[in-house]
There are 2 protein chains.
Amino acid sequence: MGASKTEHFTPKQNEIASIMKALGHPARIAIIDYLLKVDTCICGDIVNELPLAQPTVSQHLKELKNAGLIKGNTEGNAICYCIDEETFFKFQNFLSEVFGKIKAQKNNCC
Amino acid sequence: MGASKTEHFTPKQNEIASIMKALGHPARIAIIDYLLKVDTCICGDIVNELPLAQPTVSQHLKELKNAGLIKGNTEGNAICYCIDEETFFKFQNFLSEVFGKIKAQKNNCC
DNA sequence: TTTTAATATTGCAATATTACGATAAAGATA
DNA sequence: TATCTTTATCGTAATATTGCAATATTAAAA
């Protein structure tokens with residue numbers, strides 16, 4: 001097979017899984033890391049920051065964009081990418097719930 | 001190709017990416033959800049909770065275990081799975097940093 | 001208008017993931 | 001011991017992901 005049976009899970013489970021999946025590659029974590037480090041949009045120089053060919057970087061950027069984690073603005077013939085805060089904060093809310101439940105666990109087993 | 005060039009990224013980037021990847025499937029999110037809902041170890045009934053065959057569930061459990069997100073204890077002929085808090089809290093620390101940086105951004109672009 | 005620069009898309013090869021039937025393994029129970 | 005229950009592993013088919021060379025696209029600059 002190879003295709004996930006997404007129709008059998010809740011929309012929220014699918015949504016969170018797709019965000020996690022988008023972040024499930026070191027190159028894409030590195031892109032987010034870099035965006036946070038420079039604390040501004042990046043126009044052009046991501047390719048030089050990563051040990052990957054330009055088409056590969058472009059593909060990773062596309063996946064982050066599809067997942068809503070970054071957004072891109074055309075700026076002349078360059079494109080300016082930055083963090084899409086909204087999705088990150090939605091993600092954070094989900095995780096707060098999860099971590100809260102973990103902390104509240106009675107832990108009476110294992 | 002199909003293989004990630006993990007050797008070109010930092011250990012931390014690879015570690016976080018592998019946790020994210022493990023959570024990048026709705027079935028595995030559903031398993032974590034269920035573990036948090038029942039607030040105890042689960043011995044046996046995960047298979048009945050998921051819309052997937054037993055070998056498939058077993059495989060997903062293995063991936064969560066490999067990523068350190070759950071741990072399993074043999075309990076007679078059953079196996080008792082529960083959240084591995086340590087990994088989750090490590091994950092939370094990483095994310096706190098990320099979310100902190102996002103909030104602190106000057107947001108002077110895009 | 002031609003050239004240059006930046007980014008995206010296409011096409012493809014290598015590898016990984018997902019799913020499940022069949023079967024094995026390990027311990028409980030009759 | 002024989003059987004049942006529970007979980008893991010094997011084998012395999014279908015599909016997805018990763019990476020890059022070649023090429024296309026788009027807009028600025030000459």
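Below, chain A is the first sequence line, B the second, and so on; all start at residue 1.
- Heavy-atom distances to DNA chain C give each of Thr74(B) and Ser4(B) a nearest nucleotide, and the one nearer the 5′ end belongs to Ser4(B).
- Between Leu35(B) and Tyr81(B), the shortest heavy-atom contact is CD2-O, 3.3 Å.
- When rounded to the nearest whole Å, the span between CG of Asn66(A) and P of dT17(D) equals 11 Å.
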Tabulate protein N/O versus nucleotide N/O from nucleotides 1-5 of chain D, keeping only pairs under 3.5 Å, one per line.
from	atom 1	to	atom 2	distance (Å)
dT5(D)	O2	Asn77(B)	ND2	3.1

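- Nearest heavy atoms, Ile29(B) versus Gln13(A): CG2-CG, 3.9 Å.
- Of the possible polar contacts, one joining the Ser96(A) side chain to the Gln92(A) backbone as a donor-acceptor pair under 3.5 Å is found.
- Applying the salt bridge (Lys or Arg N to Asp or Glu O under 4.0 Å) rule to Lys90(B) yields the partners Glu15(B); only residues at least two apart in sequence or on another chain are considered.
- Put simply, Lys5(B) has a side-chain N or O that comes within less than 4.0 Å of OP1 or OP2 on dC20(D).
- Non-hydrogen atoms lying under 4.0 Å from DNA chain C are contributed by Leu52(B), Ala53(B), Pro55(B), Thr56(B), Gln59(B), His60(B), all within residues 48-60 of chain B.
- A close approach under 4.0 Å does occur between a side-chain nitrogen or oxygen of Tyr81(B) and OP1 or OP2 of dA8(D).
- For residues 9-34 of chain B, proximity to DNA chain C is found at Lys21(B), His25(B), Arg28(B), defined as any non-hydrogen atom under 4.0 angstrom from a strand atom.
- For Lys103(B), the salt bridge (Lys or Arg N to Asp or Glu O under 4.0 Å) criterion is met by no residue, not counting sequence neighbours.
- The stretch residues 6-34 of chain A participates, sequence neighbours left out, in these ring-ring contact (aromatic ring centres under 6.0 Å, His included) pairs: His25(A)-His60(A).
- In this structure, the CD1 atom of Ile79(A) is 4 Å from the P atom of dA8(C), given to the nearest Å.
- Scored by the salt bridge (Lys or Arg N to Asp or Glu O under 4.0 Å) test, Glu97(A) finds Lys12(A) as partners (sequence neighbours excluded).
- Atom P of nucleotide dA8(C) and atom CG of Leu64(A) are separated by 12 Å, given to the nearest angstrom.
- Note on residues 47-65 of chain B: pairs passing salt bridge (charged side-chain N to carboxylate O under 4.0 Å, His left out), not counting sequence neighbours, are Arg28(B)-Glu63(B).
- Under the rule for a side chain to side chain contact (heavy atoms under 4.5 Å, CB included), the partners of Thr6(A) that lie at least two apart in sequence or sit in another chain are Ser4(A), Asn14(A), Pro26(B).
- Backbone-only contact: Glu63(A) has heavy atoms under 4.0 Å from sugar-phosphate atoms and none from a base.
- Contacts of Glu86(B) classified as side chain to side chain contact (heavy atoms under 4.5 Å, CB included), with partners at least two apart in sequence or in another chain: Asp84(B).
- Heavy atoms only, all atoms of each residue included: Gly68(A) and Thr87(A) are closest at O-OG1, 2.6 Å.
- Distance Asn73(A) CG to dA6(C) C1': 16 Å, rounded to the nearest Å.
- For Glu75(B) and dG27(C), the CD to P distance is 14 Å, given to the nearest whole Å.
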